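Comments concern the structure below.
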Amino acid sequence: MENSIEIVLVLYQCSLRESIVFTTLEEQLRKNSIDYELMIYNNDKNQKIEHEKYVVINSEKNQKLSKAYNFALERAIKNRRKWLLLLDQDTFIPDNYFVELEKLFASNYSPDLVAIVPFLETDGKILSPKKISPYMRFDSNVNKAGYTRERINAFNSMSLLRVDFMKLIGGFSDQFPLDMLDHWIYHQIYQHRKWVYILPVFVKHDSSFIKFEENVSISRYKEFLIAESTFILKNLGLVKFFFYKLKLIFRSIKQAILLKNKKFALTTFKWVFKL
């Protein structure tokens, strides 16, 4: 179906009514004429979710993101939907999101367009999308909406992805079930020289990595480091892996200065010599 959307909302330790994205999504869907199906993927085995209107998957264990996204992708392919919208439970969908999306759908958009994203922000700070530098992978702000083929990264949440493109690249990589999955997706888009469209829409998003010390444990941070280093080495090569190790040294210095818990800086510094 032309411009129809499979929407997947992944929940973890969160009920539907506690999820900001679910309550704002329902409100916006009532106001717009988007053709869609909503699939709620519950990753909390201790909390069963039921809903008479939407497709609900209660997972037996926490499958993280890639499993949930691939399940939704298979359903989108089966139902011949053109787009797949990924949603995080802590994202607030504004009034103009579907309005701007319908404007784009009504235009003669490029057949090479495979991803559509808004700006995600927290407390006025833009979190996504970001331009990625080619060497040490420092990021910088994207300054304008519209089409881009630059090397960028965008968060999973609110990424609207072309179903046939995701099918072409074999679905979502199980090598990155949680961390760095977004980097892997947008690296694939860049490698295939496809277009991303950035909507002129600003979306409030609550990221655990913003209030780092409050929300991220040392063990959780180590999981992130494993995924990050694996992505760099296996997808970008040895030269960029060398620059990545330099970046880790700078990161450890910054953490030592800014964070109260110096274990983060020590963990980062030690990781350089484990690689």
Side-chain angles (χ1 to χ4, degrees), residues 64-67 69-70 73 84 86 88 112-117 119-120 126-143 147-162 164-198 207-210 212 216 220-255 264-265 267-275:
K64 299 188 178 178
L65 294 180
S66 63
K67 293 286 187 186
Y69 292 167
N70 277 323
L73 178 62
L84 176 62
L86 314 180
D88 182 284
D112 283 335
L113 176 64
V114 299
I116 303 168
V117 296
F119 293 95
L120 266 60
I126 300 297
L127 306 177
S128 170
K130 292 281 189 176
K131 290 182 186 177
I132 305 296
S133 64
Y135 297 108
M136 294 182 73
R137 289 187 69 78
F138 289 123
D139 57 45
S140 59
N141 287 338
V142 175
N143 295 319
Y147 284 98
T148 182
R149 267 185 175 156
E150 289 187 278
R151 188 187 296 271
I152 70 161
N153 187 61
F155 284 7
N156 293 313
S157 190
M158 297 299 294
S159 284
L160 184 63
L161 303 171
R162 188 81 160 262
D164 57 5
F165 176 75
M166 294 309 302
K167 183 180 177 182
L168 174 70
I169 63 173
F172 297 87
S173 174
D174 286 329
Q175 189 171 34
F176 305 101
L178 180 61
D179 298 313
M180 302 306 290
L181 181 59
D182 50 358
H183 286 261
W184 180 86
I185 294 167
Y186 285 91
H187 178 65
Q188 294 296 314
I189 292 172
Y190 181 77
Q191 289 289 92
H192 284 80
R193 304 301 298 146
K194 299 297 185 181
W195 289 101
V196 177
Y197 188 89
I198 302 167
S207 172
S208 61
F209 275 73
I210 291 296
F212 189 78
V216 180
R220 175 71 185 87
Y221 179 54
K222 287 180 179 178
E223 289 179 2
F224 172 78
L225 286 172
I226 292 170
E228 184 180 49
S229 56
T230 301
F231 170 77
I232 301 291
L233 181 59
K234 296 203 171 182
N235 291 276
L236 304 181
L238 288 174
V239 173
K240 289 177 183 176
F241 190 67
F242 170 77
F243 283 112
Y244 166 67
K245 293 177 77 170
L246 290 178
K247 183 180 178 182
L248 284 178
I249 294 173
F250 289 127
R251 185 191 295 173
S252 68
I253 295 169
K254 184 178 179 180
Q255 289 172 332
F264 286 105
T267 299
T268 305
F269 189 73
K270 285 182 176 179
W271 189 251
V272 176
F273 300 97
K274 286 183 178 180
L275 297 174

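In this chain, residues are counted from 1 in sequence order. Bear in mind that the values here come from a model prediction, so they are computed numbers and not experimental data.
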* What's the verdict on side-chain hydrogen bond (donor to acceptor under 3.5 Å, both in side chains) for Lys130 and Asn141, showing C-alpha distance, side-chain angles and the deciding distance? -> CA-CA 5 Å; Lys130 292 281 189 176; Asn141 287 338; 2.5 Å; yes
Which value, rounded to the nearest 0.5 Å, describes the distance between [X] atom [atom1] and [Y] atom [atom2]?
X: Lys222; Y: Lys270; atom1: NZ; atom2: NZ; answer: 7.5 Å
X: Leu86; Y: Leu160; atom1: CG; atom2: CG; answer: 8.5 Å
X: Asn70; Y: Ser173; atom1: CG; atom2: OG; answer: 9.0 Å
X: Leu225; Y: Phe264; atom1: CG; atom2: CZ; answer: 10.5 Å

* Evaluation steps, ring pair (Phe, Tyr, Trp, His ring centres under 6.0 Å), between Phe273 and Phe269 -> CA-CA 7 Å; Phe273 300 97; Phe269 189 73; 5.2 Å; yes
Mind checking whether [X] and [Y] have side chains closer than 4.5 Å, heavy atoms only?
X: Phe119; Y: Ser128; value: no
X: Asp179; Y: Arg220; value: yes
X: Ile185; Y: Ser159; value: no
X: Ile126; Y: Val142; value: no
X: Ile169; Y: His192; value: yes
X: Leu181; Y: Tyr69; value: yes
X: Lys245; Y: Trp271; value: no
X: Thr230; Y: Gln175; value: yes

* Just wondering, are more than 12 heavy atoms of other shown residues or ligands nearer than 6.0 Å to OH in Tyr147? -> yes
* Residues, nucleotides or ligands: over 12 heavy atoms within 6.0 Å of Lys67 NZ -> no
Atom pairs and distances, donor-acceptor, side-chain atoms in residues 231-244, under 3.5 Å, two or more places apart:
residue : atom : partner : partner atom : Å
Asn235  : ND2  : Phe231  : O            : 3.2
Tyr244  : OH   : Glu228  : OE1          : 2.8

* Before accepting this row, confirm whether a basic side-chain N of the pair Asp174/Lys64 lies closer than 4.0 Å to the acidic partner's carboxylate O. =>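 Result for this pair is no, no salt bridge flagged.
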* Check whether any side-chain N or O of Ser252 sits under 3.5 Å from a backbone N or O of Thr268 as a donor-acceptor pair, and report yes or no. =>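 Answer holds: no.
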* Asked: With Val196, which of Ile116, Val114, Ile152 fulfils side-chain contact (heavy atoms from CB on, under 4.5 Å)?
  -> Ile152
* Asked: Under the side-chain contact (heavy atoms from CB on, under 4.5 Å) test, which residues partner Asn153, sequence neighbours left out?
  ->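 Partners of Asn153 under the side-chain contact (heavy atoms from CB on, under 4.5 Å) test: Ile132, Asp182, His183, Tyr186.
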* Sequence-distant partners of Lys194, salt bridge (Lys or Arg N to Asp or Glu O under 4.0 Å), two or more places apart ->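 Here the qualifying residues are Asp112.
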